[in-house]
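Scroll down for the structure; my scribbles are underneath it.
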Amino acid sequence: MSSEQKPILYSYWRSSCSWRVRTALALKNIDYEYKTVDLLSEKAKNQLKSINPAAKVPAYVVNGQVISESLAIIEYLDETHPDVPLLPKNPVKRAHARAIALLVTSGIQPLHNLKVLQLLNKKEAGFGGQFAKQFIVEGLTALEVLLKEHSGKYAVGDTITIADLAIPPLIYSANRFNLDLSAYPTVNRINETLAEIPAFIAAHPDNQPDTGLNA
């Protein structure tokens with residue numbers, strides 16, 4: 001595949017949503033071009049609107065088609081590169097994997113993303129951090145219960161699923177807010193297991209071309 005034909009991922013090193021997609025791409029060994037979007041630059045975000053009208057990352061461009069939203073991209077990758085499946089064949093396990101992923105991606109992460117924190121901090125200095133901590137703690141509490149019910153070696157049974165892709169970015173965010181994670185032993189166990197896997201290491205923010213940009 002020539003460089004012109006490679007899929008393109010518009011990403012930001014510390015974006016939780018981009019991180020999930022990078023992990024899926026690494027697990028499936030898909031070669032792609034990484035294009036940095038500085039989420040702290042209004043100019044960069046405005047330029048991104050020509051690719052994704054929501055001016056958000058990730059955006060995945062393949063064969064001239066733009067796919068946005070991390071879970072939509074991951075499911076597209078799973079359908080087009082099924083050799084390393086991220087959704088269980090069993091319908092119940094598949095539903096559990098999606099539910100855990102959605103708990104994080106829809107119920108926790110949006111409440112502490114950059115845009116929300118910036119807006120809240122404009123109203124009252126430091127309020128964004130307090131707000132984020134509350135919802136991360138509530139989310140982690142629910143996640144711990146779900147993982148106790150459904151996990152094996154990984155989040156749902158003994159194979160990596162879409163649910164696992166959501167865990168490292170969440171723990172990374174929790175650590176940025178200096179949260180005590182001792183109350184979540186199952187979450188921590190799975191996160192530590194994932195941290196040893198090459199694809200998860202490759203997708204980590206510290207290993208991206210734009211690592212440290214506006215840190």
Side-chain angles (χ1 to χ4, degrees), residues 6-37 39 56-62 67-88 93-94 96-110 112-113 139-140 143 146-147 150-176 186-211 213:
K6 285 182 184 179
I8 299 170
L9 179 68
Y10 289 84
S11 178
Y12 177 68
W13 67 288
R14 209 159 59 184
S15 157
S16 295
C17 303
S18 299
W19 186 347
R20 294 190 284 269
V21 173
R22 294 195 304 259
T23 306
L25 288 164
L27 285 167
K28 292 175 178 293
N29 198 29
I30 299 172
D31 190 21
Y32 66 96
E33 181 181 354
Y34 185 110
K35 287 200 174 182
T36 297
V37 178
L39 294 184
K56 297 191 302 183
V57 293
Y60 187 68
V61 183
V62 57
I67 305 172
S68 58
E69 300 298 334
S70 64
L71 294 191
I73 297 170
I74 292 166
E75 294 215 19
Y76 166 82
L77 296 175
D78 216 43
E79 292 169 357
T80 56
H81 297 78
D83 290 347
V84 184
L86 295 174
L87 286 166
K93 287 187 176 181
R94 186 162 64 243
H96 289 319
R98 282 188 170 122
I100 290 169
L102 285 166
L103 168 66
V104 177
T105 62
S106 297
I108 307 173
Q109 185 268 326
H112 67 269
N113 71 16
L140 280 168
L143 180 61
L146 288 175
L147 294 183
H150 305 302
S151 67
K153 182 177 181 181
Y154 302 112
V156 179
D158 296 323
T159 57
I160 293 172
T161 70
I162 196 170
D164 295 287
L165 275 56
I167 292 174
L170 176 61
I171 299 305
Y172 184 89
S173 293
N175 285 326
R176 287 185 64 204
T186 313
V187 178
N188 289 326
R189 172 181 64 78
I190 294 170
N191 186 60
E192 289 165 5
T193 300
L194 298 173
E196 300 297 321
I197 298 172
F200 283 80
I201 294 170
H204 193 280
D206 291 348
N207 298 319
Q208 304 317 305
D210 54 335
T211 294
L213 178 67

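Taking CG of L165 as the reference point, atom SG of C17 lies at 12.0 Å (rounded to 0.5 Å). Separation of atoms CD (E69) and NZ (K56) is listed at 4.0 Å; rounding is to 0.5 Å. Note that CD1 of I167 is 9.5 Å distant from CZ of R189, once rounded to the nearest 0.5 Å. In this structure, CD on E75 lies 9.5 Å from CG on L86, to the nearest 0.5 angstrom. With rounding to the nearest 0.5 angstrom, the CG atom of L77 is 4.5 Å from the CD1 atom of I30. Here CG of D158 is found 11.0 Å from OG1 of T161. Values are rounded to the nearest 0.5 Å.
A salt bridge links D31 to K6: at least one charged side-chain nitrogen sits closer than 4.0 Å to a carboxylate oxygen. Under the 4.0 Å criterion applied to side-chain N and carboxylate O atoms, D210 and R14 are not assigned as salt-bridge partners.
Put simply, the side chain of W13 reaches to within 4.5 Å of the side chain of L213, judged on heavy atoms. By the 4.5 Å heavy-atom criterion applied to side chains, P88 and T159 are not counted as neighbours. Y32 has its side chain out of reach of V21: every pair of non-hydrogen atoms, C-beta onward, lies at least 4.5 Å apart. Side chains of T23 and L27 form a contact here, defined as non-hydrogen atoms less than 4.5 Å apart. Within the 4.5 Å cutoff, no side-chain heavy atoms of D164 are placed close to those of I100. R22 has its side chain within reach of P205: a pair of non-hydrogen atoms, C-beta onward, lies under 4.5 Å apart.
In this structure, G139 and L103 approach most closely via the heavy-atom pair O-CD2, 4.1 Å. Between R98 and I162, the shortest heavy-atom contact is N-CG2, 4.2 Å. Taking each heavy atom of S18 and Y10 in turn, the nearest pair found is OG-O, 4.2 Å. Nearest approach of I190 to S151, heavy atoms of both residues: CD1-CB, 3.7 Å.
Of the possible donor and acceptor atoms, none in the side chain of N207 sits under 3.5 Å from a partner among the backbone N and O of A202. No donor-acceptor pair closer than 3.5 Å links the side chain of N191 to the backbone N or O of I171. Judged by distance alone, the side chain of Q208 and the main-chain N or O of A203 form a donor-acceptor pair under 3.5 Å. Side-chain atoms of S68 never come within 3.5 Å of backbone atoms of A59 as a donor-acceptor pair (strictly under, hydrogens ignored).
Between H150 and H96, the ring planes are parallel. Angles under 30° get that label, and only those over 60° would be called perpendicular.
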Checking V187 against L170 for the side chain to side chain contact (heavy atoms under 4.5 Å, CB included) test, could you report, in this order, the C-alpha distance in whole Å, the side-chain angles of both residues, the deciding distance, and whether it holds? CA-CA 10 Å; V187 178; L170 176 61; 5.8 Å; no
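Atom NZ of K93 has 12 or fewer heavy atoms from other residues, nucleotides or ligands within 6.0 Å. Applying the 6.0 Å contact sphere to CG of N175 captures more than 12 heavy atoms from other residues, nucleotides or ligands.
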